[in-house]
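What follows is a single structure, written as structure tokens, with notes after it.
In this text the structure is predicted, and so the values were computed from the model without any measurement. To find a chain, count down the sequence lines: A is the first, B the second, and so on, and within it residues start at 1.
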There are 2 protein chains.
Amino acid sequence: MADLLSVAKLAGVSRATAARAFSQPELLRSETRRRVLEAARRLAFRPNRVAQQLRTRSTRILGVLVPSLDNPVFAEQLQAMETAARQAGYSLLITTTGYDASKEAEIVEEMLRQRVDGLILTVAEADSNDVLDKLGKESVPCLLVYNQPANADTPSISVDNRAAMADATTHLLDLGHRRIGMIAGPVLQSDRARLRYEGYCQAMRAHRLPPLPLIEMPRHTHADLAVLEPHLYGSERLTALLCTNDMLAISLMGDLQRAGFSIPADISVVGFDGIALGALLNPSLCSVVQPRAAIGQAAVNTLLAMIKGESPTRERLSHALRQGDSVGPPTPGSAAPFPSTSPTQRR
Amino acid sequence: MADLLSVAKLAGVSRATAARAFSQPELLRSETRRRVLEAARRLAFRPNRVAQQLRTRSTRILGVLVPSLDNPVFAEQLQAMETAARQAGYSLLITTTGYDASKEAEIVEEMLRQRVDGLILTVAEADSNDVLDKLGKESVPCLLVYNQPANADTPSISVDNRAAMADATTHLLDLGHRRIGMIAGPVLQSDRARLRYEGYCQAMRAHRLPPLPLIEMPRHTHADLAVLEPHLYGSERLTALLCTNDMLAISLMGDLQRAGFSIPADISVVGFDGIALGALLNPSLCSVVQPRAAIGQAAVNTLLAMIKGESPTRERLSHALRQGDSVGPPTPGSAAPFPSTSPTQRR
DNA sequence: TTGTAAGCGTTATCAC
DNA sequence: GTGATAACGCTTACAA
């Protein structure tokens, strides 16, 4: 591939002049500029970003790390980030960790070697995280997304997870629900899940109700009815379920319906994230909406500001409760269906 | 940040020796190697990939271009690609185009400047595509995914879209359906949609039935009931609908149910892609499964092989029809609900 | 307005 | 085994 020097030669100018035709064209006499550009065209010259990056010590690449792409909440955020980044002339190096801390470390190290200009991370656990501690000592701007760390060491962008889940819980309480449960993915892997559970507890206590223990699912995005079964039948059966994310809620609804439950008549279901899909389903999913696109955009813009040297901020974006047909008042007379012998059986 | 030269100095060796401690450690005397690594540790040395890339003329970065992340089919494929790439020591530069051809061109140009080692593209339109023509003249290995170009200029990995949709159509025909419609997103933007429509037509004709015109939706991932309404009522109403992708099918099911239709009693719905989510819903979505993870993995591995100089292949991966409760035999007696005054009305 | 020349941090080719 | 030294392709003072 042709380089700047060959372009310069063909145009009969020095390498510096050829370079300027691209970086500061206004400095050149228009005739010179024309000759250079013409030469570049004839040689199919294409500036080498790698060389530029080495020389300028800036890659204009942002490293992005998310737990997974299986959950649309991340995909929707990435979509917004990619657009915002490209608009500012930056590219995204995107990676997934599967909530694995050792993978997080590995990937961050690789990104630092690649000399990314900044990092946007969604980690499993923002508090007491080795990777973040290490990054604190580095000079690379770094921003957390969705994570809401207790200590203020790393700037972050998220909603107020506790208040958000408290709001959702209060909504159910106001409808008359009393036996409200909450389910989460592998909870040890997610600081957000814990905050959301705290919000639930807080709201329950505010209504003088004892919070129930968190029901933990083996996977982040699939419910497992077997785990839930003890809470679905009998006089103490739950009339409403809060889920730490929408995928969990959606799969739960499907499973419940297959097990004979009617939603919301027999049981109400609330999600968290507000992914677009939820509103399309029937019944539509009631969910705490995180402004995913706004979060993604804010993340990129904040990080770019940090790269320019501005001081980092910790942003709390506001959440909203999206109403949906998956929630209704508890129906006292509604008889829970008999537990089948294998309620989670599937094709 | 410390560089190799400062490491070399601290270790009391030449720069070349310091470099070898990382690239070919076995060449060094173990004592020398130890001294270099110790020095590197003390200086927190981190190899500069950009310099390596410039010198070796290889970035170990793959450029990936997909239409959108809103559709989980792409997210699921990316997930697999990211894992496969990382395993081979490659990173992914991921971008989205929103089915916009000019954006495709822009992004590919930027990736070539970045000197990616290869490109994995899912374009809107694989036939008569300027970008692909241009890439054909470049020396960068390039691979299409999901696209199934008519001409064999660019290697590609996909299912046989025509046969796949024909299979789905035949399934409906075998169940007794006769008035089967097909809906798609903006069809001009997707070569796959056209092939799938051909498959539908082929299967219909094989049963001596006239294929119906393709029903085109304004968006790729949201159905619009208003457009469909003429086909839902009266004696000629459709008893089954094929969708070019699962998101379209899922949103359609929700809308139909809200409009009073029962699925599959009143109307059967079939999707395409087989995204994981579809199986979780109730009714579960019957869909043509594209092996998304296998496609992603095959894409990376094939591209890496091409980068090593092996000759490109055009792979057809096999599809499968996933049964689902969204499909049943047509019910002759089933009365279509009266059209509401505004069947698409939503909160 | 244009040219000269010194890097950016590696790897690779020789020597020794 | 180890060390000099020349690239890789570009940017950018500084000179002219």
- request: Drop me the distance from B/T302's OG1 to B/E315's CD, to the nearest 0.5 angstrom.
  value: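 Spacing of OG1 (B/T302) from CD (B/E315) equals 4.0 Å.
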- request: Could you grab the distance from atom OG1 of B/T59 to atom CZ of B/R49, nearest 0.5 Å is fine?
  value: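 The OG1 atom of B/T59 sits 7.5 Å away from the CZ atom of B/R49.
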field: Residues touching DNA chain D, which here means a heavy atom under 4.0 Å, drawn from residues 8-16 of chain A
entry: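 Close to the strand are A/R15, A/A16.
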query: Which residues, if any, of residues 45-57 of chain B bring a heavy atom under 4.0 Å of DNA chain D?
result: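 Heavy-atom cutoff 4.0 Å gives B/L54, B/R55, B/R57.
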field: Between A/Q77 and A/Q290: side-chain donor-acceptor atoms closer than 3.5 Å
entry: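 The answer is no; no qualifying pair exists.
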Looking at side-chain heavy atoms only, is the closest gap between [X] and [Y] below 4.5 Å?
X      : Y      : value
B/M111 : B/T95  : yes
A/I307 : A/L304 : yes
A/S91  : B/E110 : yes

Could I get a table of every N or O pair under 3.5 Å where one atom is in the protein and the other is in nucleotides 14-16 of chain C?
none

Only distances under 3.5 Å count here; give the side-chain donor-acceptor pairs of residues 80-87 of chain A to other protein atoms, sequence neighbours excluded, each with its distance to 0.1 Å.
from, atom 1, to, atom 2, distance (Å)
A/E82, OE1, B/T96, N, 3.1
A/E82, OE1, B/T96, OG1, 3.0
A/E82, OE2, A/R86, NE, 3.1
A/E82, OE2, A/R86, NH2, 3.3
A/T83, OG1, A/Q79, O, 3.0

task: Quantify the bending of the helix from C/dT1-D/dA16 to C/dC16-D/dG1 as the angle between its end axes, each fitted on five pairs, to 10°.
output: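 The two end axes of the helix from C/dT1-D/dA16 to C/dC16-D/dG1 meet at 40°.
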message: Tell me every residue that passes ring pair (Phe, Tyr, Trp, His ring centres under 6.0 Å) with A/F45, counting only those two or more places apart in sequence or in another chain.
response: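 In terms of ring pair (Phe, Tyr, Trp, His ring centres under 6.0 Å), with neighbours along the sequence ignored, A/F45 is linked to A/F22.
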- prompt: Who pairs with A/R34 by salt bridge (Lys or Arg N to Asp or Glu O under 4.0 Å), at least two apart in sequence or on another chain?
  reply: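 If we apply the salt bridge (Lys or Arg N to Asp or Glu O under 4.0 Å) test to A/R34, skipping adjacent residues, the hits are A/E31.
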task: Please name all residues satisfying salt bridge (Lys or Arg N to Asp or Glu O under 4.0 Å) with A/E109, sequence neighbours left out, ordered by chain then number.
output: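 Counting only residues at least two positions away or on another chain, A/E109 forms a salt bridge (Lys or Arg N to Asp or Glu O under 4.0 Å) with A/R113, A/K134, B/R46.
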Result block: side-chain N/O donor-acceptor pairs under 3.5 angstrom for residues 141-150 of chain B, not counting sequence neighbours:
from, atom 1, to, atom 2, distance (Å)
B/Y146, OH, B/V73, O, 3.4
B/N147, OD1, B/V123, N, 2.7
B/N147, ND2, B/V123, O, 2.8
B/N147, ND2, B/D191, OD1, 3.3
B/N147, ND2, B/D191, OD2, 3.0
B/Q148, OE1, B/N161, N, 3.0
B/Q148, OE1, B/N161, ND2, 2.7

Atom pair distance, as rounded to whole Å: [atom1] in [X] and [atom2] in [N]:
X      : N      : atom1 : atom2 : value
B/F22  : C/dT11 : CZ    : P     : 10 Å
A/R115 : C/dC8  : CZ    : C1'   : 11 Å
B/Q114 : D/dG9  : CD    : P     : 15 Å
B/M1   : C/dC8  : CE    : P     : 15 Å

task: Check the surroundings of atom CZ in A/R316: do more than 12 heavy atoms from other residues, nucleotides or ligands lie under 6.0 Å from it?
output: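 Check passes, neighbour count above 12.
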message: Tell me which pairs pass salt bridge (Lys or Arg N to Asp or Glu O under 4.0 Å) where either residue lies in residues 54-70 of chain B, with sequence neighbours left out.
response: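 Listed by first then second residue: nothing to list.
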message: Enumerate the salt bridge (Lys or Arg N to Asp or Glu O under 4.0 Å) contacts for residues 15-30 of chain B, please, sequence neighbours excluded, ordered by first and then second residue.
response: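 Those involving residues 15-30 of chain B do not exist here.
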message: When you measure from the side chain of B/D3 to the backbone of B/S6, do you find a donor-acceptor pair of N or O atoms at a distance under 3.5 Å?
response: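 Confirmed, B/D3 side chain pairs with B/S6 backbone.
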message: Tell me which residues in residues 24-40 of chain A lie within less than 4.0 Å of DNA chain C, going by non-hydrogen atoms.
response: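 Heavy-atom cutoff 4.0 Å gives A/L27, A/L28, A/R29, A/T32.
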